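What follows is a short report on a single structure.
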Amino acid sequence: MNRVKCLIIGSGPAGYTAAIYASRANLAPVLIEGPQLGGQLTTTTEVENFPGYPDGVEPFQMMDDMKRQAERFGTQFVSGVVTKVDFSVSPKKVWVEDTEEYEADAVIIATGASAKYLGIESERTYKGRGVSACATCDGFFYRKKTVAVVGGGDTACEEANYLAGLCEKVYMIVRKPYLRASEIMQQRVLNNPKIEVLFEHNTIRLTGEGKVQGVDLFYRKGEPDEATKHIAIDGFFLAIGHHPNTDLFKDFIACDPEGYIITDGASTQCFKCENAQMGKCENKKIPGVFAAGDCADPHFRQAIVAAGSGAKAAIEADKYIKSL
Ligand code: NDP
């Protein structure tokens with residue numbers, strides 16, 4: 001068993017920033033890196049909106065910079081996945097890979113969020129054989145081919161632009177008559193001659209012999225001019241949002257119906273009750289358990305916001321530990 005003051009779960013901007021602050025406060029934090037080192041950001045191509053990088057930065061570089069900064073002040077990193085927690089006791093208990101046990105005065109949850117899928121059967125059939133949720137990871141396999149990206153947000157636009165740099169042709173399958181993405185991302189997509197946006201289209205099924213070779217689409221389903229359409233594609237990329245990685249904690253802390261951890265307003269402290277309505281949770285906070293980043297943020301989901309909340313969580317953890 002390992003006894004620590006401050007345990008941080010997750011290695012995205014929230015986790016690393018919490019580690020920088022906690023280690024500078026002499027909490028000698030241990031950070032459990034989780035299944036995706038560097039977090040979700042490492043699935044994007046370039047970060048252009050994190051202050052301090054006027055020319056943009058590669059996400060792996062930025063995450064490595066954060067890690068080294070935390071390391072400099074004494075954070076200890078553990079590669080592995082947290083498989084079980086017990087927040088009903090003090091100190092809190094956390095197990096890594098079911099075997100390694102940690103006891104911590106304070107735990108900072110920074111487990112982020114993961115890509116959503118449409119939920120259609122053929123998506124599962126072709127997973128890894130033409131279906132992907134990460135253009136940066138898998139786009140290389142589709143050089144000079146034709147792909148489709150589902151979604152109309154910033155992620156979808158970013159993925160479509162990235163894929164247009166590799167592929168012959170990129171379709172965007174957008175269910176609304178407009179893109180939800182920020183203006184600059186929309187313009188990049190709409191001005192890219194390799195990208196064709198199919199507005200008001202929804203996916204029916206994927207088709208192909210052993211791998212994705214096409215997709216059947218509905219156009220304006222339920223409207224007088226509804227139609228179906230088939231397009232030939234080699235790859236199908238999901239970019240329809242994310243769900244928070246919080247299943248592991250749900251027996252101990254309050255989450256909203258979508259699974260995002262509910263925190264105490266401006267604070268990062270977690271609540272005890274399940275299926276909580278904020279009003280009913282007063283005085284039921286869990287001392288020593290804090291949440292930061294996308295696992296507790298259904299609204300902004302930005303690296304800089306996650307980093308800011310990581311700093312807040314570490315400051316609150318420090319205060320809590322000093323009060324013991
Ligand atoms: P969003 O929630 O913003 O967008 C999801 C998109 O997927 C929407 O167009 C939505 O359609 C569509 N969608 C959702 N479910 C389905 C479905 N079942 N079938 C078809 N389409 C569906 O998620 P993002 O991941 O794009 O962005 C999340 C946050 O991260 C945002 O705040 C965004 O601004 C930010 N971000 C910023 C970046 C940057 O600044 N560089 C890069 C990437 C993300 P509808 O519009 O109809 O709901």
Side-chain angles (χ1 to χ4, degrees), residues 12-14 36 38-59 62-63 112-124 131-137 139 148-164 170-190 195 197-206 215-223 229 231 236-245 256 258-260 293-309:
Q36 190 172 21
Q40 269 184 91
L41 204 68
T42 57
T43 64
T44 63
T45 22
E46 197 187 359
V47 183
E48 293 179 330
N49 52 8
F50 201 93
Y53 295 99
D55 302 318
V57 60
E58 287 208 358
M62 190 172 103
M63 299 321 294
S114 300
K116 274 186 189 165
Y117 286 78
L118 292 171
I120 55 174
E121 198 185 320
S122 52
E123 195 180 43
R124 282 186 293 277
V131 174
S132 167
C134 176
T136 329
C137 318
V149 177
V150 191
D154 278 319
T155 304
C157 290
E158 201 173 71
E159 306 260 278
N161 267 309
Y162 175 75
L163 289 165
V170 179
Y171 292 100
M172 278 184 80
I173 303 168
V174 180
R175 65 182 176 182
K176 292 230 170 91
Y178 55 85
L179 294 168
R180 180 202 285 221
S182 53
E183 191 57 35
I184 186 169
M185 298 303 281
Q186 290 194 33
Q187 288 314 317
R188 282 182 196 168
V189 158
L190 298 171
I195 303 175
V197 185
L198 302 173
F199 288 108
E200 296 184 82
H201 281 77
N202 273 294
T203 306
I204 304 169
R205 70 181 75 78
L206 295 160
V215 59
D216 291 332
L217 302 170
F218 247 127
Y219 172 67
R220 286 170 59 83
K221 191 178 179 196
E223 299 298 324
K229 181 175 191 163
I231 54 172
F236 184 77
F237 288 83
L238 280 310
I240 60 167
H242 295 84
H243 64 82
N245 300 319
D256 75 8
E258 288 196 38
Y260 288 94
D294 286 12
C295 64
D297 178 10
H299 303 294
F300 301 107
R301 290 177 273 171
Q302 299 294 302
I304 186 66
V305 178
S309 69

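Remember, it's a predicted structure, so these values are computed and weren't measured experimentally. Atoms considered below: every heavy atom in the structure, side chains included; atoms not considered: hydrogens, waters and symmetry mates. Note that ligands are numbered from 1 as they come in the structure, with each ligand's atoms numbered from 1 the same way.
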**Study point:** Side chain Asn245, main chain Cys295, donor-acceptor under 3.5 Å
**Key:** no

Point to revise | Ile120 CD1: over 12 foreign heavy atoms closer than 6.0 Å | key: yes

Check your understanding: Okay, side chain of Asp297, backbone of Gly293: is any donor-acceptor separation there less than 3.5 Å?
Key -> no

Check your understanding: Under a 4.0 Å heavy-atom cut-off, what residues line ligand 1?
Key -> Asn49, Leu118, Gly151, Gly152, Gly153, Asp154, Thr155, Glu158, Arg175, Lys176, Arg180, Ala239, Ile240, Gly241, His242, Phe300, Arg301, Gln302

Check your understanding: Donor-acceptor pair, Ser132 side chain versus Phe237 backbone, under 3.5 Å?
Key -> no

Check your understanding: Counting distance only, does the side-chain N/O of Glu123 pair as donor-acceptor with the main-chain N or O of Leu118 below 3.5 Å?
Key -> yes

Point to revise | Partners meeting side chain to side chain contact (heavy atoms under 4.5 Å, CB included) with Ile304 (sequence neighbours left out) | key: Phe50, Pro51, Gln302

